[in-house]
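A note on names: the letters A, B, ... follow the listed sequences, proteins ahead of strands, and every chain is numbered from 1. These values consider heavy atoms only, across backbone and side chains, with no hydrogens, waters or symmetry-generated copies.
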Amino acid sequence: MARGPTFFIRDETGYPMKKKLRDLLERSIDTCIREGILKECAIPFVEVELPREGSHGDYASNIAMVLASTQRENPRKIAQRITDTIEDPEGILEKVEVAGPGFINFFVRDSLWVTLLKEVDDMKEHYGKSDLGAGRRVQVEFVSANPTGPLHIGHARGAVTGDVIARILEASGFSVSREYYINDAGNQMNILGESVWHRYLEILGEDITLPENCYQGEYISNIAKEVAGKYGDSLKSEAKDTVFALLTDLAAGKILEEIKDDLMAFGVVFDCFFSERELYRDNGVTALLKELEEQNFIYREEDTLWFRTTDYGDEKDRVVVRENGEPTYFAADIAYHKNKYERGFDTVIDVWGADHHGYIPRMYAGIQALGKEKEALEIVLVQLVNLLRSGKPVAMSTRAGKFVTLREVIDEVGRDAARFNFLMRRSNSHLDFDLELAKEASSENPVYYVQYAHARISSIMRTALERGYEIPAYHDVDLNLLILPEEHTLVKAIDMFPELIEGSARTFEPHRITFYSSDLASIFHSYYNKNRVVNDDVELTKARLFLVKCVGIVLRNALTLLGVSAPERM
RNA sequence: GCCCCCGUAGCUCAGUAGGAUAGAGCAACGGAUUCCUAAUCCGUGUGUCGCGUGUUCGAAUCACGCCGGGGGUACCA
């Protein structure tokens, strides 16, 4: 389970049926206490869950077992007392049973299931959304790759993960800003300019040996060509400092534009690209460090400035200004986060590659020195990707400029398949990304499995229209005709969608949506193969059309959250 | 050495807030299409949930200790 439980007030939502049952239980317990059937106590959070086993009812609660210790009483007895006291004025329940060590199992009346679909029909593309975030301002910062080369596949997973977290939070009622931090102030930028310089000389016919630390990719030569085309050999006579700065800016600008294009093609759009250079404007970083030094978060050792990160659980203190007077990346990062909070974000989410996990303690130290609570920062780690082709590792070397770019992945496997495949694992675990598998249009590729379910539903709707049916709304149909167990299974799955999103939002776990969409598609495909939606019975057809329409809405909503298209035909 | 992540079926992985008899896909084998899309479905097996101790009514899940894999341990970014 990831971080972030303090993000929400706990039981604010819950999907409709669970909420109803929770209310019944809470009222019953309350009554028991008032009438002396149970001892006085604080009522804990009442959990209602979906039992694995069908014979355990539609829903179950463990509340009696939770109460057992404070009540000093056999949980089965407590369960029985609560059960006996339950009032069910709406007539939700078929029956209630006490089972096992003290579970309370609820069997919901058949006719009630289908009423849950009204919400789906009413809300349509908004079904599943909530107002949990209550408009709180959240920033998600992700990708943030140096503008020294095109995005490669290693960046892709972070890009999708951050993007979908942002989408999920938006759907949960947060006001979300997506941000890309451009590290354009460090030494790597000078090397970028230098790299272009050497290629420029090469194009002008000089023999060069590229220094080992320079970027070697072909894109550098392409930029150099443009430079040569524009300036001819005039740059050779300019002062080197000026030329390097010019080349750096020019290259970084070009590369950044390319990065933006690639991200756009990947369905990832940022609200803000924040330049590290901004932080240094008006001596911003220096001023902040001085302030922190006065507050004793920072101490001086000869020419070096150290931050007391050990005060916040870090292994050792960290340098913020080097002996040579250059601030470290960490120094800029403190200033950057200060800037984030000054812009009014209540919570800031950093999506990092897992190889940066060692920076977590110092970042938390940083924001606490700024006077923020730990809760104001959430760090989501995304594990690295193993790129494969037909099961074999694809060798990559960033230094030599040999890597598979994001653009190439999108071109080869497609945006939908790429995105979906990156979300098929928890961010926390390593991901094998197989290019051949990802572009295969078959049952091996879950993205098509889900999309196919959606396309199939669209097809059913087309057939129905051809045969003179209208796509029914909730009040047009007799939902009591939906009596099959698999129809109830579908309704239950649809019903849990809002809570699923809530869980994903709370834990920053986009993969839950991926798994859910596969599950729902599976239930639907099975239902489809077993039963005819458009059949000889007009009323039954209408009822099933409505059900299937709801499935389609939820599939579409789930795919939309993943940034994956929901095709009408395939 | 220290820190973080991972360890669940032959393989890749889920496991929703500690719940009842542990799940899916793939792989293997056998079946399903007069009719809404076969990119689909149905059936057949598999587990010391890495090992151990503890916490409690109850542990894959929490705590501690081991074992194995990966990553991090810069005045690099």
- Item | Nearest-Å distance once atom P is located in both B:rC35 and B:rU44 | 28 Å

- A:Lys39 atom NZ, over 12 foreign heavy atoms within 6.0 Å: yes

- Message: Could you tell me how far B:rC29 sits from B:rG69 if I compare only their P atoms? Round to whole Å.
- Response: 35 Å

- Query: Are A:Arg506 and B:rA17 close enough that a side-chain N or O sits under 4.0 Å from OP1 or OP2?
  - Reply: yes

- Message: Between P on B:rA20 and CG on A:Leu50, what's the gap in Å once rounded to a whole number?
- Response: 13 Å

- Would you say the side-chain atoms of A:Gln188 and A:Asn183 include a donor-acceptor pair closer than 3.5 Å? no

- How far, in whole Å, is B:rC66 from B:rC57 if one measures between their C1' atoms? 29 Å

- Task: Quickly work out the A:Glu502 CD to B:rU16 C1' distance and round it to whole Å.
- Result: 11 Å

- Query: How is A:Glu323 classified with respect to the nucleic acid when contacts are heavy atoms under 4.0 Å: base, sugar-phosphate, or nothing?
  - Reply: base

- Selection from B:rA20, B:rA14, B:rC75 that lies nearest to any side-chain heavy atom of A:Ala60: B:rA20

- Item | Presence of A:Lys316 side-chain N/O under 4.0 Å of B:rC75 phosphate oxygens OP1/OP2 | yes

- Counting only heavy atoms not in A:Asp536, do more than 12 fall under 6.0 Å of its CG? no

- Note on the structure: Looking only at B:rU40, B:rA17, B:rG71, the nucleotide nearest the A:Arg512 side chain is B:rA17

- Query: Ion pair present between A:Glu539 and A:Lys542, side-chain N to carboxylate O less than 4.0 angstrom?
  - Reply: yes

- For A:Phe515 and B:rA24, do the ring centres fall under 5.5 Å apart while the planes stay under 30° apart? no

- What is the distance, rounded to the nearest whole Å, between atom CZ of A:Arg426 and atom P of B:rA14? 5 Å

- Message: Can you check the distance between B:rA24 and B:rG71, where both ends of the measurement are the C1' atom (answer in whole Å)?
- Response: 29 Å

- Sequence neighbours excluded, which residues qualify as salt bridge (Lys or Arg N to Asp or Glu O under 4.0 Å) partners of A:Arg157? none

- Query: How close or far is atom P of B:rC3 from atom CD of A:Glu315, stated in whole angstroms?
  - Reply: 8 Å

- Task: For B:rC57, take OP1 and OP2 only and decide whether either is under 4.0 Å from a side-chain N or O of A:Arg76.
- Result: no

- Message: Just to be sure I understand the rule, does A:Asn62 reach a base, reach only the sugar-phosphate, or reach nothing, if contact means heavy atoms closer than 4.0 Å?
- Response: base

- Message: Under 4.0 Å, heavy atoms only, any strand: does A:His357 hit a base, just the sugar-phosphate, or nothing?
- Response: base

- Item | Spacing of the C1' atoms in B:rU61 and B:rG18 (rounded, Å) | 7 Å

- Item | Spacing between A:Ile63 atom CD1 and B:rG58 atom P, to the nearest angstrom | 18 Å

- A:His356 atom NE2 is separated from B:rC5 atom C1', nearest whole Å, by 16 Å

- Report which part of the nucleic acid A:Glu326 touches: base, sugar-phosphate, or nothing (heavy-atom distance under 4.0 Å, all strands). nothing

- Message: Using a 4.0 Å heavy-atom cut-off, does A:Ser429 contact any base of the nucleic acid, only the sugar-phosphate backbone, or nothing at all?
- Response: sugar-phosphate

- Task: Name all residues meeting the side chain to side chain donor-acceptor pair (under 3.5 Å) criterion together with A:Thr310; count only those two or more places apart in sequence or in a different chain, and write none if there are none.
- Result: A:Asp317

- Could you tell me whether the side chain of A:Gln71 reaches within less than 4.5 Å of the side chain of A:Lys77, counting heavy atoms only? no

- Query: A:Asn324 CG to B:rC75 P: how many Å, rounded?
  - Reply: 12 Å

- 5'-to-3' dot-bracket of RNA chain B (Watson-Crick, G-U; under 3.5 angstrom; crossing pairs as [ ]; | other strand): (((((((..((((.....[...)))).(((((.......))))).....(((((..]....))))))))))))....

- Message: If I pick the P atom on B:rU16 and the same atom on B:rA63, what distance separates them, to the nearest angstrom?
- Response: 15 Å

- Write down the distance between CE (A:Met65) and C1' (B:rA17), rounded to a whole number of angstrom. 14 Å

- On a whole-Å scale, what distance lies between the C1' atoms belonging to B:rU8 and B:rC2? 29 Å

- Query: More than 12 foreign heavy atoms under 6.0 Å from CZ of A:Arg389: is that the case here?
  - Reply: yes

- Task: Side-chain contact test, heavy atoms from C-beta onward, threshold under 4.5 Å: evaluate it for A:Trp352 versus A:His357 and give yes or no.
- Result: no

- Using the P atom on both, measure B:rC51 against B:rG68 and round to a whole Å. 15 Å

